[in-house]
Amino acid sequence: MSNVSPCMNFRSFVDELRQRHDLVDIRQTVDANLEIGAITRKVYEDRAPAPLFASIRDAQPGFRVLGAPAGLNRQPGEEFGRLALHFGLPKSATPRDIVERIIAASHASPVTPRIVDTGPCKENIWRGSQVDLTRFPVPLLHAADGGKYFGTYGFHIVQSPDRTWDSWSVARSMLHDRNTLVGPAMPQQHLGMIREMWKQRGEPTPWAMALGAPPAALAVAGMPLPEHVSESGYVGAMVGDPVEVVKAETNDLLVPANAEIILEGTISLSEKAMEGPMGEYHGYSFPVGREQPLFHVEAVTFRNEPILPICAAGLPPEENHTIWGTMISAQALDLLRRANMPVDMAWCSYEAATCWIVLSIDTARLQTMQTDASHFVHLIADILFSSHAGWLVPKVILVSNDIDITDIDQVVWALATRHHPARDHFAFPEATGIPLVPYLSPEEKAAGSGGKAIINCLFPEQFRGDMRATVASFDTSFPEELKRSVLAHWTAYGFPA
Ligand SMILES: Cc1cc2nc3c(=O)[nH]c(=O)nc-3n(C[C@H](O)[C@H](O)[C@H](O)COP(=O)(O)O)c2cc1C
Ligand SMILES: [Mn+2]
């Protein structure tokens, strides 16, 4: 066993959070019916430590749940600690450190998984009629949800029929009955694409789902890498250690050997059922569910005292923002840099619920392009809106790099003071995008387009390397010597340290 570090082993991840006091062991018996969801929601909103529920009413004794696995931390300087641990980074890591760490793997060779004979995920095996998902503490996460969600922080594992493409991807799945799940497999997402390949052959899709898998693997499974790129090799490149995988019991798929829980089976060719509604990443719960494909579970393998990780989606910050948003940011930045665009950072502000991405524009490089807002915006649109990553986020905000785009206060100030409402708003009604965006009309959702925009917050002079005004602030409005003196006298003036 070499996958022992917190980013490669979910149990080590939990232990490390506990050591850092970023986890609360909840021994009091709680109810999977809403109570776990309510506590987890409040944890995100208060930026409290992750809750580990050890005693859950009516569940098999010993079966546990971890909430808010990538929630933020209230401690100044450690806000991103739980997220950073997914990548093996220190708790003081900044958004920039995290994004650069993710991107570095795209310039390294993939490190394919190492196949091992067995692993902790095989400590318990249920087959066929033994399969009973209701013995797990499957939570009803919000009162308006259409069902209990088993998969909110796990990833699907599928393979193209020609075996050249292994795909790991995060998508939600709801409990349908004791051995069936139901959930989306959108045709634009790789799960849906590979399912379509199997459908063309008239066969159900061999499938597995990993829960409590290596945190780095979960994060990359939430990353919009291009088609035909296997997430498993990307994880290995990112952490410099191959993911250890083991053959599933009932099909040929390879699954993370140390995962807490593995579900195995098939995605049905044609059977569907109602799924949802669910409180979702954009912060809303729509009133009705939708028909989605069934996932038949033929075997379940799990560690002793398994831990089911969950995301109680909704208002930021939860994992659809901290994981998905961060992975989109990294992929978008990599794409734009490879296209030689003067972009030095990309950030899906968590506060914007993965509905916008902000790009930091290097004005020194921008000026050498001899371009203007309209031309530049169209260059960015051509690259982003044709990409898998760009399909996911409807709004793109361009800001010069005097602004720290990971600081929402600075982004709001730039948006309010630099963006001209008539000249700087560029709508792209033809561009395709994710149909889940709340402000889309039913017609736009059906068409799969509309609602995309690029919002320019660069003054016209900034395209020529000039600036219309200087900034008035403590940092920029005073001589260095005076600032040093003010700071040195701060407590003497009577302010707290
Ligand atoms: C916590 C979490 C929940 C997610 N839920 C879904 C979902 O239900 N449906 C979906 O299509 N994508 C969902 N995503 C986003 C996908 O994982 C992401 O777009 C990824 O790129 C999909 O994999 P693919 O690029 O291989 O298709 C979720 C991501 C995270 C981190
Ligand atoms: Mn993929």
Side-chain angles (χ1 to χ4, degrees), residues 40 44 66-71 82-83 86 102 106 110 141 145-146 149-160 164-174 181-197 209-211 213 215-235 275-282 286 289-290 292-293 295 308-314 316-332 335 348 350 353-355 357 387-393 433-437 448:
T40 303
Y44 291 124
L66 180 75
R82 226 177 291 156
L83 173 68
H86 283 68
I102 299 163
S106 85
L141 291 168
D145 285 0
Y149 278 83
F150 200 105
T152 54
Y153 208 64
F155 56 83
H156 297 282
I157 299 172
V158 291
Q159 188 181 46
S160 60
T164 58
W165 180 19
D166 293 300
S167 170
W168 291 359
S169 65
V170 183
R172 72 197 206 187
S173 57
M174 194 185 97
L181 299 174
V182 57
M186 287 198 273
Q188 300 87 349
Q189 299 283 59
H190 298 164
L191 179 67
M193 290 180 193
I194 289 177
R195 177 169 181 246
E196 186 55 35
M197 294 176 184
M209 173 175 271
L211 299 124
L218 181 288
V220 174
M223 180 172 188
L225 289 168
E227 275 168 56
H228 305 288
V229 174
S230 294
E231 284 77 12
S232 57
Y234 198 92
V235 179
E275 185 260 348
M278 189 186 85
E280 292 185 70
Y281 75 93
H282 37 60
F286 283 90
R290 293 187 55 179
Q292 300 290 7
F295 295 72
L308 174 70
I310 60 156
C311 164
E318 41 85 343
E319 289 75 15
N320 285 285
H321 319 113
T322 62
I323 295 280
W324 192 35
T326 303
M327 305 315 283
I328 294 169
S329 305
Q331 182 61 18
L335 274 174
C348 293
Y350 297 163
T354 320
C355 289
I357 184 166
S387 72
H388 187 42
W391 183 78
L392 299 166
V393 184
I434 195 165
L436 304 178
V437 174

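Given the structure is predicted, the values throughout are model-derived calculations rather than measurements. All ligand and atom numbering here is 1-based and tracks the order in the structure.
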If you count the atoms of ligand 1 from 1 in the order shown, which ones are under 4.0 Å from a heavy atom of Glu319? 1 (C), 31 (C)
Side chains of [X] and [Y]: closer than 4.5 Å at any heavy-atom pair?
X: Arg82; Y: Pro69; result: no
X: Tyr149; Y: Glu275; result: yes
X: Ile328; Y: Pro224; result: yes

[atom]: nearest protein contact (heavy atom, Å):
atom: atom 15 (C) of ligand 1; value: Trp324 NE1, 3.2 Å
atom: atom 25 (O) of ligand 1; value: His388 NE2, 2.7 Å
atom: atom 11 (O) of ligand 1; value: Gln189 NE2, 3.0 Å
atom: atom 17 (O) of ligand 1; value: Val170 O, 2.7 Å
atom: atom 23 (O) of ligand 1; value: Ser169 CB, 3.2 Å
atom: atom 24 (P) of ligand 1; value: His190 ND1, 3.4 Å
atom: atom 7 (C) of ligand 1; value: Ala171 CA, 3.4 Å
atom: atom 4 (C) of ligand 1; value: Asn320 OD1, 3.4 Å

Flag the pair His190 / His388 as yes when their ring centroid distance falls below 6.0 Å, and as no otherwise. yes
Mind checking whether the Mn ion (ligand 2) has an N, O or S of Glu227 under 2.8 Å?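 So Glu227 does not count as coordinating the Mn ion (ligand 2).
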At a threshold of 2.8 Å, where the distance has to be below it, does the Mn ion (ligand 2) have an N, O or S atom of His388 nearby? no
Which label fits His86 and Tyr153: parallel for a plane angle under 30°, tilted from 30 to 60°, or perpendicular past 60°?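 His86 and Tyr153: perpendicular rings.
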Of the backbone atoms (N, CA, C, O) and the side-chain heavy atoms from C-beta on, which set of [X] has a member under 4.0 Å from an atom of ligand 1: side chain, backbone, both, or neither?
X: Met186; answer: side chain
X: Glu231; answer: side chain
X: Ile323; answer: side chain

When you compare ligand 1 with Arg172, is there at least one nitrogen or oxygen pair between them that comes in under 3.5 angstrom?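 Yes; at least one N/O pair falls below 3.5 Å.
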For the 3.5 Å polar cut-off, considering only N or O atoms, please tell me whether Pro224 and ligand 1 meet it.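 Looking only at distances, the answer is yes, because the N/O contact criterion of under 3.5 Å is met.
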Can you tell me if [X] has a non-hydrogen atom under 4.0 Å from ligand 1?
X: Met327; result: no
X: Ala313; result: no
X: Thr152; result: yes

Tell me which N, O or S atom of Glu231 sits nearest to the Mn ion (ligand 2). OE2
Of all N, O or S atoms in His190, the one closest to the Mn ion (ligand 2) is ND1
About how many Å separate [atom2] of [Y] and [atom1] of [X], when rounded to the nearest 0.5 Å?
X: Met327; Y: Leu218; atom1: CE; atom2: CG; result: 9.5 Å
X: Ser169; Y: Gln189; atom1: OG; atom2: CD; result: 7.0 Å
X: Ser329; Y: Ile357; atom1: OG; atom2: CD1; result: 4.5 Å

CA sep, side-chain torsions, deciding dist, call: Leu211, Phe150, side-chain contact (heavy atoms from CB on, under 4.5 Å): CA-CA 9 Å; Leu211 299 124; Phe150 200 105; 3.5 Å; yes
